[in-house]
Amino acid sequence: MSAPLTQDNIVFDKVEVKYSEYVYALRGVSLTIARGEFVFLMGQTGTGKSTLLKLLTREVKPTSGRVLLWGREIGGLPERDVPALRREMGIVPQDFALLPRKRVYENVAYAMRAIGATRREVRRRVPEILERVHIGHRADAFPHQLSGGEQQRVAIGRALINNPPLLLADEPTGNLDPAHSWEIMEILMELNRRGTTVIVATHDQMVVERMSKRVVNMQGGLVVSDVTPSDVSAEAITQHVTAGWDDEEPAHEDHPILEPEPPEEFEGPIPLDEEDLEPEVPPHA
Amino acid sequence: MLDRIEFLLTEAITAMRRNWLMSFAAISTLAVALFLLGGLGYVLIRMNAAAEDLSGRFEMRVWLRDGVSKQQISEIAADIRAIKGVKEARWVPRDIEWKRQIELTPEVAYFDNPFPDSFKVILADISLGPEVESKIKALPRVDAVEYLRAEQQFMEQLMNFLQWLATFVGGLLIVTSGILIYNAIRMNILARWREVRIMELVGASRSTIRIPFILEGMLQGLLGGFTASLLIFAAQQAVAEQLKAVLMTAALPRFPIELALVVLGGAGVVFGGFCSFLAVREPVRRRMGV
Ligand SMILES: Nc1ncnc2c1ncn2[C@@H]1O[C@H](COP(=O)(O)OP(=O)(O)O)[C@@H](O)[C@H]1O
Ligand SMILES: [Mg+2]
C-alpha cells in the first residue's frame, strides 16, 4: 500500500514511538486515512492505539518516521503551534474529562470560552452543539447526574466546538453497555456522514463487527490487518445494524440522528436505571 | 476584548477562592513583609526629614583664639568654607555673642566680655562631622570646636540600625512570601488540572491557560500591598495618638495613605506577578490523555 502524501490524507509513514529504552508503543506503522473516512483502530490493550491517536494530537512525537495531517508534517511541529493544531480536530478522551462542578451546558461553554469565543457565540452555539449530540434536554444536569453514555455525548459535543474536520475518539464505548454504545456510534456515524473524518480506537469487538467500517487491526505496536468492507453501502449497514442492534431500541428511520427524539421516550426503553446513574459500571465482556 | 479579560479574571478569582487557605497564607505573609519594609521605610523618610529640620542643631561652634584681626577672620572663614561637608560658616562677633548672653542672664553684664570671636558652622552632611571637626581644629588660630557629636552619632546609628533591620527582616519575609505565592500558584495548577487539561484538549492558547494563574499571583500581591498600607496607616495612627497624649504637641504629619496604597499595591502586583510567572513557567508534567 503506497501512501499518497496529498492534503486529503492522514499519513503515518513508518512511524516508531519509543516511550523509553525498552518500551516500544509503535514499531513502524504505515497507514493512510482519507478525508471523510470512518476508521476503527482495533486491538488489545497496550497495542498502541492511543499512541497512534496521540501522534495526531501531538501529545506524543514520533521517535522515527513521519506523521502527516492533510499533507503537513506534524511530528516536528514546534510546541507553540500545538494549540492551533488541536483546534483543527475534536478530541474525545477516554475518561470524558468533564468538569464535575459545571453543568452540561457550562462544560461546553467553558471550553468555548477557553478558545476565545465570546459570550454571544457561546449562547448561540452551545444549544446547537448539545442538540447535535442529543443531550440538549440534559443541559442543566451535572455530570454525576448523567449516565456514562450521556457523559460521553457531552464529551463528543465539547469536541465539536471547533467544527473540526477530524474527530478522534479513544475507547468511546469502553465503559458502556451495548445500548449506550450504539447511541454513541450513531452520533459518530452521523458526524461522519456530514463529512467529518472519524478515527475510533477501541478493543470492543462487538461494536466493530456490527458497524462494518474500515478496521485497522493492531498488535504489539504493528498494523496486522487493514480491512475495508467494500461490498455494502454505509446506509444499508446502518439500517441493518440498527435493526439488529438491540431489540429494546425503538426502530430507527433512515437517519435516526436527524430525528429529534422526546427525551423521556429516548431514555425510556433502556431498563438499566441503576446503571444509568452509575457511570463506573465495568465494561461488558 | 472585554469578554476575554472577563473570562481570564473570572478564572483567576475562582482559582483563588477554591484554594483560599493557601492564598490567605501568601497574602498575609506578603502583607507583613511589606508592612515592615514600607513602614520602616516611612519611618526612615520621616527621620531624615526630622534630621534635616534639626540641622540647625547639627552645627559646630568654632572658637578662635583671642585677638584675631578682621583680616584673619575672613581668611579663616574662607578656609572653613573650603572644607568638604561644610554647608555654611557664619562669623559671630564676640560683642554680639556677649549681648546675647546678657539677654539670657542679665546678671553677667557687670563682667568683662569673656567670649572670643567664633564661627557657626553648619554641616551639609552630618556623617562628615568628625572629619570636619579635625580639619577645622588643624587650622591656625582656632582654639576649640564644639558640636553635638553624641546626638549626631546616636541618630545616625539608630537610622543605620533601622535600615538594617528593615532590609533584613523585610527581605526575609519577602523571600518567604514569594515562596508562598509560588507555592499557592503551583498548588492551584495541580488543583485545576482538569480545567488545564480541557483547555489543552480543545487547543486553548498557552497564554489563555497561563494568564489566569499569573493574574491570581498579581491579585494576591495587590491584596498583600493593600493590607500592608492599611497596617502601616493603623500603626501610624496609634503612634500619633500616643505622642499626642505624652508630648501634648501637635499630631504627626498626615500619613499619605493614598500614596502608600499605590506604591505598596503596585509593588505587590509586580512581585506577585513575578512569583506566579515563575510558577507557570515550570511545566507540570501530566498526561493529557487522549
Ligand atoms: N506515557 C507512557 N510512558 C511509557 N509507556 C507508555 C506510555 N503510554 C503508553 N505506554 C506504553 O506503550 C504501549 C502502548 O500503549 P497505548 O498506546 O496506550 O496502547 P492502547 O491504547 O492500545 O492500549 C503500552 O505498552 C503502554 O504501556
Ligand atoms: Mg488506549
Side-chain angles (χ1 to χ4, degrees), chain A residues 19 41 49-60 79-102 107-122 143 155 157-162 164 168-172 199 201, chain B residues 1-23 185 187-216 219 276-290:
Chain A
Y19 280 113
L41 302 177
K49 307 181 295 294
S50 297
T51 302
L52 211 54
L53 294 183
K54 285 174 185 176
L55 283 166
L56 292 174
T57 63
R58 252 306 294 279
E59 207 193 330
V60 168
E79 212 54 50
R80 64 169 182 281
D81 292 339
V82 170
L85 174 78
R86 298 225 175 108
R87 289 200 291 272
E88 292 173 32
M89 56 186 70
I91 304 170
V92 185
Q94 192 166 353
D95 66 343
F96 317 140
L98 300 180
L99 295 171
R101 291 186 228 200
K102 288 196 194 294
N107 259 281
V108 179
Y110 179 82
M112 279 191 73
R113 298 282 278 153
I115 55 165
T118 63
R119 285 182 167 284
R120 261 179 92 156
E121 289 169 315
V122 167
R158 187 188 53 208
L160 300 180
I161 60 175
N162 286 313
L168 308 174
D170 198 353
E171 311 275 6
I199 306 177
Chain B
M1 186 64 199
L2 249 139
D3 225 70
R4 204 88 274 274
I5 294 169
E6 186 208 342
F7 175 73
L8 297 173
L9 209 62
T10 311
E11 284 293 285
I13 292 169
T14 313
M16 203 164 89
R17 283 221 315 251
R18 196 176 294 178
N19 207 359
W20 67 271
L21 201 63
M22 198 61 209
S23 300
I185 303 299
M187 282 179 65
N188 261 347
I189 294 175
L190 291 178
R192 289 171 64 74
W193 67 271
R194 278 196 187 89
E195 282 86 349
V196 170
R197 180 176 162 216
I198 288 166
M199 289 200 242
E200 286 179 354
L201 275 177
V202 298
S205 67
R206 200 190 288 193
S207 57
T208 301
I209 297 175
R210 290 180 175 190
I211 285 174
F213 293 113
I214 295 177
L215 281 180
E216 189 194 341
L219 215 59
S276 50
F277 173 75
L278 291 184
V280 298
R281 222 182 39 158
E282 191 94 351
V284 183
R285 263 298 133 227
R286 141 198 49 77
R287 293 172 64 190
M288 189 174 83
V290 173

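Chain naming here is simple, since letters A, B, ... match the order of the sequence lines and numbering starts at 1 in each. These figures come from a predicted structure and were not determined experimentally.
Contact annotation for A:Ala117: only backbone heavy atoms (N, CA, C, O) come within less than 4.5 Å of a heavy atom of chain B. Looking at A:Leu98, only its backbone comes within 4.5 Å of chain B, counting heavy atoms on both sides. With a 4.5 angstrom heavy-atom cutoff, A:Arg58 does not touch chain B via any of its atoms. With a 4.5 Å cut-off on non-hydrogen atoms, A:Glu79 touches chain B through its backbone and its side chain both. When heavy atoms are compared at a cutoff of 4.5 Å, A:Leu99 approaches chain B by way of both its backbone and its side chain.
Between B:Leu201 and A:Arg158, the closest side-chain pair of non-hydrogen atoms falls below 4.5 Å.
Every residue two or more places apart in sequence or in another chain was checked for a salt bridge (Lys or Arg N to Asp or Glu O under 4.0 Å) with A:Asp81, and none qualifies. In this view, B:Arg194 satisfies the salt bridge (Lys or Arg N to Asp or Glu O under 4.0 Å) rule with no residue, not counting sequence neighbours.
Within residues 205-214 of chain B, the residues having any heavy atom less than 4.5 Å from a heavy atom of chain A are, in residue-number order, B:Ser205, B:Arg206, B:Thr208. The interface of residues 7-17 of chain B with chain A, defined by heavy-atom distances below 4.5 Å, comprises B:Phe7, B:Glu11.
Under 4.0 Å is where a charged nitrogen must lie from a carboxylate oxygen, and between A:Arg113 and B:Asp3 at least one such pair does.
The two residues B:Arg197 and A:Pro93 come nearest to each other via the heavy atoms NH2-CB, 3.3 Å. Across A:Ala114 and B:Met199, no two heavy atoms sit closer than the pair CB-CG, 3.7 Å. Of all heavy-atom pairs spanning B:Ala204 and A:Ile115, the tightest one is N-CG2, 4.0 Å.
Atom CZ of B:Arg4 sits in a crowded spot, with more than 12 heavy atoms from other residues, nucleotides or ligands closer than 6.0 Å.
Side-chain N or O atoms of A:Arg86 include none that pairs as donor or acceptor with a backbone N or O of B:Val202 at under 3.5 Å.
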